[in-house]
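The sequence lines fix the lettering, A, B, ..., with proteins before strands; numbering per chain opens at 1.
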Amino acid sequence: MQRTLVKDALNATASSNAILLQGWVRTRRDAKAFSFIELNDGSCLKGMQVIVDATLPDYGNVAQANTGASIEVHGKLVESKGGGQKWEVVAEKFTVLGEADNTYPLQKKGHSLEFLREIAHLRPRSNLFGAVFRVRSRLAYAVHQFFQERSFHYVHTPIVTASDAEGAGDMFRVTSLDLANPPKTADGKGVDNAQDFFGKKTFLTVSGQLEAEIFASALSNVYTFGPTFRAENSNTSRHAAEFWMIEPEVAFCDLNGNMDLAEAFVKHLIRDAKEHCAADLEFFGKFVDKDLLARLDFVLEKPFVRCSYTEAVTILEQSGKTWEHPVAWGANLQAEHERFLTEEHFKCPVTVYNYPRAIKAFYMRQTDGTAEGRETVAAMDLLVPGIGEIIGGSQREERLDKLRAGMALHQLNEKDYWWYLDLRRYGTVPHAGFGLGFERMLMFVTGVANIRDVIPFARTPGTADF
RNA sequence: UGCCCGGUAGCUCAGUGGCAGAGCAGGUGACUGUUAAUCACUUGGUCGUAGGUUCGAUCCCUACCCGGGCAGCCA
């Protein structure tokens, strides 16, 4: 007999004489003549109420059906006599597949997020994490849907990379050398990396952008979606050492087109979650963040504000606020500044663009006609309330001479970027792209405040459990 | 990495320089178309680790470990 998912059984339009459910016991309530069991199989937030009558030959099995046990129920789907649900299943055959004794750590009551992190192998069985990871799955699908529908091609950029200066932070070293006794160079001083697996130093990628630019220079519209690694000792609720990033790269596109794409993309993901994960979002709105649903609606309705870096600095200077970090043209916007802009001043998502050249990456396109000492590049950051930066992107410098000047400014060696420079030598085109942190997007959509709780198994400094 | 807060029962927490506490979970029983069921009884502790101060430290001090928050770095 074919198994029915709880999700489908709950949406049934008619009763059924024969149904098979399989899942895990969330709670059991015993009466004298029968027991109530809430069965959850992860297909949706809600469980199915199962009635096991004491006259049933299998009734003796119910004693083993404790919270956490896996069970299989053959029975009838009938309209519920109780108040809390439309359908329930009256068991005819009741089997406990795997018991869970009283050491099972998940209780019927709510647990702290910190405790649940320590039992990351069991937390998907909780309401909150079931919901988080259903939304995560759905939004991963929506990412592909958004780009595929717009004729973007999905590019798999390498996870192991030899370029050690992608400019996005400290990298994890990848090596198969014996760390206790590495081969030495001829002079005996350094490690001979030529003897390493790839014949050179290699790292885990911090960004697929430069490779994506290669493919945008051939397939026009491309995107990457994969794991990314940063070896930064960041201990915050918004940083992980391993996270997933989406990086579209678009040929024949300028910064405005890039900002349009970013806004449409973010809104698509929110709309998709609202449409396909309504019950899960409702749960977040009830137990995680009371303002969540209103905020998501608000973000969908309003166009994102666009504000140049220079304007932003003026707003901050005239805000009358005292800042922990001083505001001055040329300095990076700090978290407190970004939060003020998006949470207090504009009260909606804000795209800040045209940042000072000196504080941004070498590959960003120099803005034409900027004043001496106030040179900017076509960079953009999308800031959202509650999280801050969720997207960083730019129009790329497509002019060979300007790119070389940018590399000189950042003291980079052209030899390391010969292929990147070739893109500007042969058929160069204006192009732009951005990176969206998938986990940060999930935080925004679910209201979950810590990045460790929107990724199945978080990798943060000092922690790589499971 | 810096600053701040925390670590006491399985979980969430209270507490005191002199016998270790509650709620929930667990166990036993009762009751009930229940639904984070209810009621009664009940098991459960190396008070993070190591030093120090003290007649006596879970409590005060120091170091370390672990967790969290904020900041920087960024997505």
What's the closest nucleotide to the A:Phe115 side chain, out of B:rC73, B:rA75, B:rC11?
-> B:rC11
What's the CG-C1' distance between A:Asn102 and B:rU42, to the nearest Å?
-> 14 Å
Can you check the A:Met443 CE to B:rC74 P distance for me, whole Å?
-> 18 Å
Is the distance from OP1 or OP2 of B:rA71 to the nearest side-chain N or O of A:Arg238 less than 4.0 Å?
-> yes
Is the closest side-chain heavy-atom distance between A:Pro385 and A:Phe444 below 4.5 Å?
-> yes
Say you pick atom P in B:rU58 and the same atom in B:rG17; how far apart are they, in whole Å?
-> 13 Å
Between CG of A:Asn40 and C1' of B:rU35 the distance, given in whole Å, is 14 Å
Does a side-chain N or O from A:Arg29 land closer than 4.0 Å to OP1 or OP2 of B:rA37, or not?
-> yes
Of all the nucleotides listed (B:rG72, B:rA75, B:rC73), which has the minimum atom distance to the side chain of A:His325?
-> B:rG72
Check RNA chain B for consecutive Watson-Crick or G-U pairs with both distances under 3.5 Å and list the runs of at least three as stems.
-> B:1-7 with B:65-71, B:10-13 with B:21-24, B:26-30 with B:38-42, B:48-52 with B:60-64
Near-parallel close stack of A:Phe36 and B:rG33 base (under 5.5 Å, under 30°) | no
Does a side-chain N or O from A:Gln49 land closer than 4.0 Å to OP1 or OP2 of B:rU34, or not?
-> no
Separation of atom CZ in A:Arg440 from atom C1' in B:rA75, rounded to whole Å | 4 Å
Separation of atom CZ in A:Arg459 from atom P in B:rA75, rounded to whole Å = 22 Å
Can you tell me the distance, in whole Å, between the CD1 atom of A:Ile37 and the P atom of B:rA36?
-> 16 Å
Nearest-angstrom distance from the residue atom NE2 of A:His111 to P of B:rC13 | 12 Å
Honestly, is A:Lys267 close enough over A:Phe304, meaning NZ or CZ under 6.0 Å from the six-membered ring centre and within 45° of the axis?
-> yes
Specify the separation, in whole Å, of atom CD of A:Glu88 and atom P of B:rG33.
-> 13 Å
